[in-house]
Amino acid sequence: MERELEIRRRLREAGQEQLLRFWDELGSGERDSLLGELELLDARELREHCGRAQEAYERESGAPQRLDHRMRPVPPEFLGSVRRSRPEELRAWEEEGYRQISQNKVAVLLLAGGQGTRLGVTYPKGMYSVGLPSGKTLYQIQAERILRLQQLAGEKYSTRCTVPWYIMTSEFTLSPTLKFFEDHNFFGIDRPDVVLFEQRMLPAVGFDGLAILERKDKVAMAPDGNGGLYRALADNHILEDMEARGISYIHVYCVDNILVKMADPVFVGFCVTKGADCGAKVVEKSYPLEPVGVVCQVDGIYQVVEYSEISQDTAEKRDADGSLTYNAGNICNHFFTLDFLKNVAGTSEQQLGYHVAIKKVPYVDEEGNLAKPVRANGIKMEKFVFDVFQFAKNFVAFEVVREEEFSPLKNADTADKDTPTTARRALLWQHYRWALKAGAKFTNASGRAIAEKSGVPEAEDPSAVCEISPLISYFGEGLDLHLNNKVLSSPFILDAQRV
Ligand code: UTP
């Protein structure tokens with residue numbers, strides 16, 4: 001009784017008493033679980049959170065704030081590029097990256113706390129299989145890339161090296177992800193080198209400023225955005241773990257990019273060589289009005305400017321050489337030094353603002369029925385991982401080739417971009433290109449030669465299907481040995497058993 005009274009008092013103070021409106025109908029177990037959830041919410045913080053969500057929603061429903069006149073592109077001396085650099089420069093950066101990896105100084109950190117609502121599956125996105133011939137999931141592909149990279153760096157420098165894999169999960173993704181890894185024996189990675197940790201959750205808020213009940217006995221909660229990383233690092237003592245392992249550099253990436261080059265030696269080497277504390281991999285925009293955020297400066301400070309924050313003229317502006325002035329498309333793929341993360345997680349994190357995400361939030365209606373909204377009905381408040389660029393003392397960006405490095409899985413196949421089909425095709429085209437370059441030829445099931453073909457990767461399947469295990473090749477390296485002058489029957493899988 002006392003517990004209930006205390007919670008009622010807190011909710012009154014927060015202006016959120018509606019969260020107990022079904023109290024009289026709840027059994028004792030349900031009451032217990034609801035009280036347990038509400039006890040974790042501080043009255044003042046809850047009041048502020050709901051007020052802030054409503055204000056931000058109203059602000060963002062108005063005309064977007066334009067940043068055009070305050071923007072500057074990343075200066076050329078801080079912008080590396082795979083396409084524009086000389087081969088010897090790329091080789092030197094790669095060498096440096098390998099050197100750092102071989103000395104166990106590089107870790108990868110996966111952001112995997114998202115709910116994947118657009119993809120619409122009930123399990124974590126990393127467990128999704130996009131329909132490759134091997135049936136591999138995103139998690140397995142990533143695990144195998146780590147194993148191969150450890151092997152490559154180890155062989156180069158005759159060391160036994162480890163690239164620890166930190167995985168940020170949320171209440172939604174932690175247990176299924178852990179179970180999935182256990183069921184697959186951590187895909188061959190040493191158990192202590194995979195560190196799962198959990199980000200915080202925040203209540204979802206209705207447009208009226210009231211927190212939403214998902215069930216009669218459950219508040220609708222959502223993870224606090226991929227920028228919740230910094231608080232989660234501190235909450236879970238992850239930076240101490242990195243320090244104890246001797247890690248100096250961290251490559252942070254999203255779960256949904258099927259082409260992600262984890263701990264990419266070229267990117268790591270570039271950032272280390274430039275003495276950067278914070279870096280972003282970017283891709284050129286596909287077309288001027290593409291709805292992607294652009295890495296640039298605003299009033300001299302680095303940030304990602306959303307496409308809605310710039311006018312069409314600015315989006316289409318070109319330099320003397322014809323390239324787009326604001327062309328550095330953000331792909332949520334970042335380099336940080338451990339010292340930078342310590343500083344952010346320790347103090348600066350609190351300065352990060354929240355972004356408003358308007359989403360469909362399942363709720364319980366006034367009659368107590370569970371409802372799935374057809375239209376967005378709720379506000380989720382999220383921090384973004386890239387909002388820390390402002391704290392960098394030496395920020396760099398590195399432009400990579402989109403078809404080699406970026407194809408995100410965001411939507412179900414009913415959408416026309418960033419779907420399981422486009423992700424699968426992006427990977428299969430890449431492997432097909434690698435195989436041709438290594439000197440392979442393809443035949444169909446009846447032994448007839450398949451003509452070589454180039455195409456628009458995401459619009460159609462390659463003419464021959466070839467999937468190469470990351471355990472054999474991380475970015476197309478070493479394939480001559482296996483594929484030169486080989487005639488392969490499509491579909492073909494090059495995996496560890498075959499070599
Ligand atoms: P997205 O912004 O694409 O969101 O996340 P999402 O949650 O996966 O999918 P939707 O918007 O519900 O459809 C980009 C990356 O950030 C991670 C995701 O797991 C993904 O790797 N993320 C997102 C988190 O780790 N935590 C969050 O709170 C949100």
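We count ligands from 1, going down the list as the structure has it; atoms in each ligand are counted the same way.
- Checking only distances, G114 does come within under 3.5 Å of ligand 1, N or O to N or O.
- Protein heavy atom in closest approach to atom 15 (C) of ligand 1: C254 SG, 3.4 Å.
- In summary, the side chains of S286 and R402 do present a donor paired with an acceptor at a separation below 3.5 Å, with no hydrogens or angles considered.
- For ligand 1, the atoms lying closer than 4.0 Å to a non-hydrogen atom of Q199 are 24 (C), 25 (O), 26 (N), 27 (C), 28 (O).
- Remark: minimum distance from atom 12 (O) of ligand 1 to any protein heavy atom is reached at T117 OG1, 2.6 Å.
- Regarding atom 25 (O) of ligand 1, its nearest protein heavy-atom neighbour is G113 N, 2.8 Å.
- Heavy-atom distances between E382 and ligand 1 stay at or above 4.0 Å for every pair.
- F336 and F340 have parallel rings, their planes meeting at less than 30° on a 0 to 90° scale where 60° marks the start of perpendicular.
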Exercise. Take R10 and E45, measure what salt bridge (Lys or Arg N to Asp or Glu O under 4.0 Å) needs, and give me the verdict at the end.
Key: CA-CA 11 Å; R10 278 202 222 169; E45 280 176 18; over 6 Å; no

Quiz prompt | salt bridge (Lys or Arg N to Asp or Glu O under 4.0 Å) evaluation trace for K380 with D224 | solution = CA-CA 8 Å; K380 293 184 181 174; D224 59 355; over 6 Å; no

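- For A112, the closest heavy-atom approach to ligand 1 falls below 4.0 Å.
- Here the heavy atom of the protein found nearest to atom 29 (C) of ligand 1 is N226 N, 3.6 Å.
- Residue M168 has no nitrogen or oxygen atom sitting less than 3.5 Å from a nitrogen or oxygen atom of ligand 1, judged on distance alone.
- Classification of R70 and E309 as a salt-bridged pair fails, no side-chain N sitting under 4.0 Å from a carboxylate O.
- Proximity to G225 (heavy-atom distance under 4.0 Å) selects the following atoms of ligand 1: 26 (N), 27 (C), 28 (O), 29 (C).
- Nearest non-hydrogen protein atom to atom 3 (O) of ligand 1 is K410 NZ, 2.6 Å.
- Using the six-membered ring where Trp is involved, F270 and F398 have ring planes that are tilted, between 30° and 60° apart.
- Summarising the contacts of atom 6 (P) of ligand 1 with G116, P223, A412, G227, the nearest heavy atom is found in G116.
- Of the residues L67, N330, D387, the one that meets the side chain to side chain contact (heavy atoms under 4.5 Å, CB included) test with Q303 is L67.
- Heavy-atom neighbours of E182 CD from other residues, nucleotides or ligands within 6.0 Å: above the threshold of 12.
- The environment of NZ in K393 is sparse: at most 12 heavy-atom neighbours from other residues, nucleotides or ligands sit within 6.0 Å.
- Proximity to L111 (heavy-atom distance under 4.0 Å) selects the following atoms of ligand 1: 17 (C), 18 (C), 19 (O), 20 (C), 21 (O), 25 (O).
- In the vicinity of K125, heavy-atom distances shorter than 4.0 Å reach the ligand 1 atoms 8 (O).
- Each of the atoms 10 (P), 11 (O), 12 (O) of ligand 1 lies under 4.0 Å from some heavy atom of K359.
- The ligand atoms of ligand 1 that sit less than 4.0 angstrom from a heavy atom of Q115 are 7 (O).
- Within a 6.0 Å sphere centred on CZ of F207, heavy atoms belonging to other residues, nucleotides or ligands number more than 12.
- Residue-ligand proximity: S170 is placed with every non-hydrogen atom at 4.0 Å or more from ligand 1.
- For V255, a nitrogen or oxygen atom sits less than 3.5 Å from a nitrogen or oxygen atom of ligand 1, counting backbone and side chain alike.
- For atom 4 (O) of ligand 1, the nearest protein heavy atom (residue, atom name, distance) is R118 NH2, 3.9 Å.
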Practice problem: Take E30 and R215 through the test salt bridge (Lys or Arg N to Asp or Glu O under 4.0 Å) and record every step on the way to the result. | Solution: CA-CA 10 Å; E30 292 166 323; R215 287 197 317 251; over 6 Å; no

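- Look at E243 and K342 and you find a salt bridge, because one of the NZ, NE, NH1 or NH2 atoms lies within 4.0 Å of a carboxylate O, short of that distance.
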